[in-house]
Amino acid sequence: MTTTLSSRTVSTWNDRVTVRVRVGGNGPPLVYLHPAAGLAWDPFLDRLAQRYTIYAPEFPGTTPGDPYAIHQVDDLWDTVLIYEHALRELGLTGAPVVAQSFGGMIAAELAAAYPQLFSRVVLLDPIGLWRDDVPVANWISAAPTELPGMLFADPTGPAAQAAFALPEDPDARASAMAQMVWNIGATGKLCWPIPDRGLDKRLHRISAPTLIVWGEQDALISPVYAEEFRSRIANSRVELVPKAGHIPQVEQTDTTFDVVSAFLA
Amino acid sequence: MSAEVWSNVVRTSCARVRGSRAVNIWPRPIQQPRPPVFVTGIGNPRTMEFCLNRGFGFNYFGWFGAKVTGRRIFDRFWEAADRLGKDNNPYQMGFMQTVCVADTDEQAEKLYAKHAEYFFQKAIGSIPMERLALPGGIDIKGLEFIFRDPGDFGIYPKMRGASFAELAKAGSVICGSPATVRDRITEFWEPARHAPVRVHAPRAGQGHISLFSEQVLPHLKPIWDDEGWQHHWWPEALGGVPLAGRPAGAEAVSA
């Protein structure tokens with residue numbers, strides 16, 4: 001990681017939830033919403049941070065040291081209101097958003113609920129829709145050995161290895177593993193057992209220009225969902241990223257950065 | 001909510017997950033406002049603290065092999081009690097153990113070994129870890145414990161193919177004559193300061209129940225008598241003593 005990060009905190013939900021927002025980079029503000037396993041600062045964000053000041057709010061419960069914040073969040077509507085409050089308090093109304101997977105669902109919900117909140121929306125392999133004929137894989141109950149194949153086109157490649165690397169120190173390793181499982185449980189509150197909370201009925205409300213990016217070999221949520229999003233969002237288009245699974249910005253950083261930065265420019 | 005519906009006639013529930021206009025269970029328990037409560041766990045320190053803070057009993061499941069896991073779990077409970085300034089009343093710590101009794105050790109093994117193997121191999125031994133520890137089901141402090149030291153899971157990793165001899169050695173099952181069963185339970189019991197034992201008996205017949213109740217239980221019951229503790233987690237009608245000012249285990253429940 002080359003970006004120097006700082007933290008901002010915002011008291012929300014009538015002071016019951018403190019949202020920590022990681023901030024880094026130079027330039028106009030950009031909101032990043034992380035996937036189900038929590039915020040991980042990757043080289044894609046480093047590159048975006050050269051052009052933007054990235055604000056990355058952490059989903060309640062996923063901030064280290066504050067796990068029980070998730071107990072204050074009952075459902076999706078609570079989440080949308082908490083995020084909207086946090087972004088408004090930070091003066092981020094009108095900024096673009098880039099969001100991955102679980103974060104993509106949150107970004108889409110926010111953009112649908114508050115059409116003026118984001119200037120542009122980039123959804124990277126978002127969850128939130130469901131088709132019985134192409135079910136989304138169940139990452140919450142997957143065995144650790146299944147996850148690389150679920151998330152990466154090349155499960156043994158360097159991107160996959162880096163993503164699953166753990167600290168060598170036993171205590172730090174245990175804490176990191178516990179935090180990851182806890183994060184998946186916390187975010188699972190909004191997507192267990194089926195990651196569909198009715199987003200398909202609300203996507204039509206999104207008015208911001210929207211880019212839908214999908215790894216061509218996404219095994220967690222099939223690229224056929226890209227068209228499902230596109231057909232429901234008026235001002236949207238799709239970019240498929242070859243040789244990439246569920247996390248194209250990590251597995252094919254250059255290609256993904258090029259299409260995202262061109263769209264945001 | 002369970003505690004409230006045990007004691008109220010009809011309750012309107014505004015539960016966070018599912019609202020019900022009327023919750024009315026029937027039959028209602030004899031104990032009022034409610035029966036004593038034991039919460040079962042596998043060693044998560046947060047569950048232990050929850051029990052201690054609320055005055056509930058904590059019940060440990062010995063399926064992972066009480067001989068290899070029990071002591072560390074029991075010690076952890078009493079450390080938590082010390083830390084929270086609670087009594088170390090042995091009756092507050094329960095222990096669920098698979099027990100099989102017959103007239104002799106040989107007969108017990110002949111009668112029960114294949115059933116014990118079937119139970120452990122096909123039931124808990126066949127649940128993969130990612131389902132047993134499904135995200136969201138275990139508190140983060142419990143997860144840290146598990147990842148730092150997976151010893152709490154005892155012989156679980158090989159339980160799917162565990163032989164009777166391995167299950168017996170680990171303490172997942174205590175099987176034998178009344179004398180053997182007595183001795184083995186007492187091995188756990190005294191140093192660990194747990195008192196109530198819930199007996200799980202695969203394929204238990206009348207013979208097993210009679211042998212246990214007549215030749216094992218009477219030796220175990222008085223073990224803490226000389227310390228003078230009262231049993232607050234036992235039905236009053238059977239000799240339990242309510243906590244001061246309220247029926248046995250009558251603290252409010254809202255978790």
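The basis for the numbers below is simple: all heavy atoms, side chains too, and nothing from hydrogens, waters or symmetry mates. Numbered from 1 within each chain, the chains take letters A, B, ... in sequence-line order.
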Peer 1: Under 6.0 Å from the OH atom of Tyr118(B), do we count more than 12 heavy atoms belonging to anything else shown?
Peer 2: no
Peer 1: Above 12 or not: heavy atoms from other molecules or residues under 6.0 Å from CZ of Arg131(B)?
Peer 2: no
Peer 1: Of all of Glu146(A), Met180(A), Met177(A), Arg173(A), which one pairs up most often with chain B through heavy atoms under 4.5 Å apart?
Peer 2: Met177(A)
Peer 1: May I ask you to list the residues in residues 137-144 of chain B that approach chain A closer than 4.5 angstrom, counting heavy atoms only, ordered by number?
Peer 2: Ile138(B), Asp139(B), Ile140(B), Lys141(B), Leu143(B), Glu144(B)
Peer 1: Hey, is CZ on Arg160(B) packed in by over 12 heavy atoms from elsewhere, all under 6.0 Å?
Peer 2: no
Peer 1: For atom NZ of Lys86(B), decide whether the heavy atoms of other residues, nucleotides or ligands shown that lie under 6.0 angstrom number more than 12.
Peer 2: yes
Peer 1: Where on Arg148(B) is there a heavy atom nearer than 4.5 Å to chain A: the side chain, the backbone, both, or neither?
Peer 2: both
Peer 1: Could you look at Pro67(A) and say if it's the side chain, the backbone, both or neither that has a heavy atom under 4.5 Å from chain B?
Peer 2: side chain
Peer 1: Taking atom CZ of Phe147(B) and atom CG of Leu166(A), what is their separation to the nearest 0.5 Å?
Peer 2: 9.5 Å
Peer 1: For Ser141(A) versus Leu134(B), what's the shortest heavy-atom pair and its separation?
Peer 2: CB-CD1, 3.5 Å
Peer 1: With Pro135(B), which of Asn183(A), Thr187(A), Ile184(A) fulfils side chain to side chain contact (heavy atoms under 4.5 Å, CB included)?
Peer 2: Ile184(A)
Peer 1: Using non-hydrogen atoms and a 4.5 Å limit, figure out which bit of Ala142(A) sits close to chain B: side chain, backbone, both or neither.
Peer 2: backbone
Peer 1: Of the listed residues (Ala178(A), Gly188(A), Gly185(A)), which shares the most heavy-atom pairs with chain B below a 4.5 Å separation?
Peer 2: Ala178(A)
Peer 1: With only heavy atoms counted, which part of Ala186(A) is less than 4.5 Å from chain B, the side chain, the backbone, both or neither?
Peer 2: neither
Peer 1: Measure the spacing between CD of Glu130(B) and CG of Asn138(A) and express it to the nearest 0.5 Å.
Peer 2: 10.5 Å
Peer 1: Verify the neighbour count for atom CZ of Arg8(A): are there more than 12 heavy atoms of other residues, nucleotides or ligands below 6.0 Å?
Peer 2: no
